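Shown next, in structure tokens, is the structure this report addresses.
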Amino acid sequence: LQGLQTMQMHQSFNLAEVMMRRGELERAFYHVQRLNQTPELVRPETLWLAIRIQQRRNLPASVEELGGQLRTRFPTSREAAAFDQGRFDE
């Protein structure tokens, strides 16, 4: 089951990334947020993707909320450092 869950996580993440690049921001956020709402699937990368999507959607409150989660859960991650420096295009 764990292997299947990992595969589904990667598929959802990749789908969200592609949708973001295409400008389908609402749909992209939906897919990545499904991962972020499942505690065992949350990763710095999934939170960072959600933050970047919400930044592009011009939703600063959501960006700050997700950034807080990123800082709290993964304070030493590369993504947390990028968030703190405002490097949303990475």
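Note that the coordinates shown come from a computational prediction; the quantities given were computed from them, not determined experimentally.
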Next item on the list: Decide whether F88 and I53 are clustered together by the hydrophobic rule: side chain heavy atoms of Ile, Leu, Val, Met, Phe, Trp, Tyr closer than 4.5 Å, transitively.
Entry: yes
Margin query: Could you work out, with side chain to side chain contact (heavy atoms under 4.5 Å, CB included) as the rule, every residue matching L41, not counting sequence neighbours?
Written below: Q5, M9, L35, T38
Next item on the list: Show your working on side-chain contact (heavy atoms from CB on, under 4.5 Å) between L15 and Q11 and close with a plain yes or no.
Entry: CA-CA 6 Å; L15 182 60; Q11 288 174 341; over 6 Å; no
Check: Do R71 and D84 sit within salt-bridge range, that is, some charged N less than 4.0 Å from a carboxylate O?
Finding: yes
Note to self: To the closest 0.5 Å, what do you measure between CE (M20) and CG (L49)?
What the structure shows: 5.5 Å
Notebook entry, point to check: Nearest 0.5 Å, what's the CD-CD1 distance between E79 and I51?
Noted result: 9.0 Å
Next item on the list: Please collect all salt bridge (Lys or Arg N to Asp or Glu O under 4.0 Å) contacts where either partner lies in residues 32-50, sequence neighbours excluded, each pair once.
Entry: none
Checklist line | Rounded distance (nearest 0.5 Å) linking atom CZ of F83 with atom OG of S77 | finding: 11.0 Å
Margin query: Within this structure, what is the CD-CD distance for the pair E24 and E26, rounded to the nearest 0.5 Å?
Written below: 11.0 Å
Notebook entry, point to check: Are W48 and L66 side-chain neighbours, meaning at least one heavy-atom pair lies under 4.5 Å?
Noted result: no
Checklist line | F74 atom CZ, neighbour heavy-atom count above 12 within 6.0 Å | finding: yes
Note to self: Restricting to non-hydrogen atoms, name the atom on H31 and the atom on A16 that form the minimum distance, rounded to 0.1 Å.
What the structure shows: CB-CB, 4.1 Å
Next item on the list: Determine the minimum heavy-atom distance between A50 and Q33, stating which atoms define it.
Entry: CB-OE1, 4.0 Å
Next item on the list: Any chance you could lay out the side-chain contact (heavy atoms from CB on, under 4.5 Å) test for Q54 and F29, step after step, and finish with the verdict?
Entry: CA-CA 8 Å; Q54 297 302 73; F29 184 73; 3.5 Å; yes
Notebook entry, point to check: CG/L47 to CZ/R52 distance, rounded to the nearest 0.5 angstrom?
Noted result: 12.5 Å
Check: Hey, is the main chain of G68 close enough, under 3.5 Å, to the side chain of T72 for a donor-acceptor pair?
Finding: yes
Check: Would you find a donor on one side and an acceptor on the other, under 3.5 Å apart, between the side chain of N36 and the backbone of T46?
Finding: yes
Next item on the list: May I ask whether F13 and L70 are part of the same hydrophobic cluster, defined by side-chain heavy atoms of I, L, V, M, F, W, Y residues being less than 4.5 angstrom apart, directly or through others?
Entry: yes
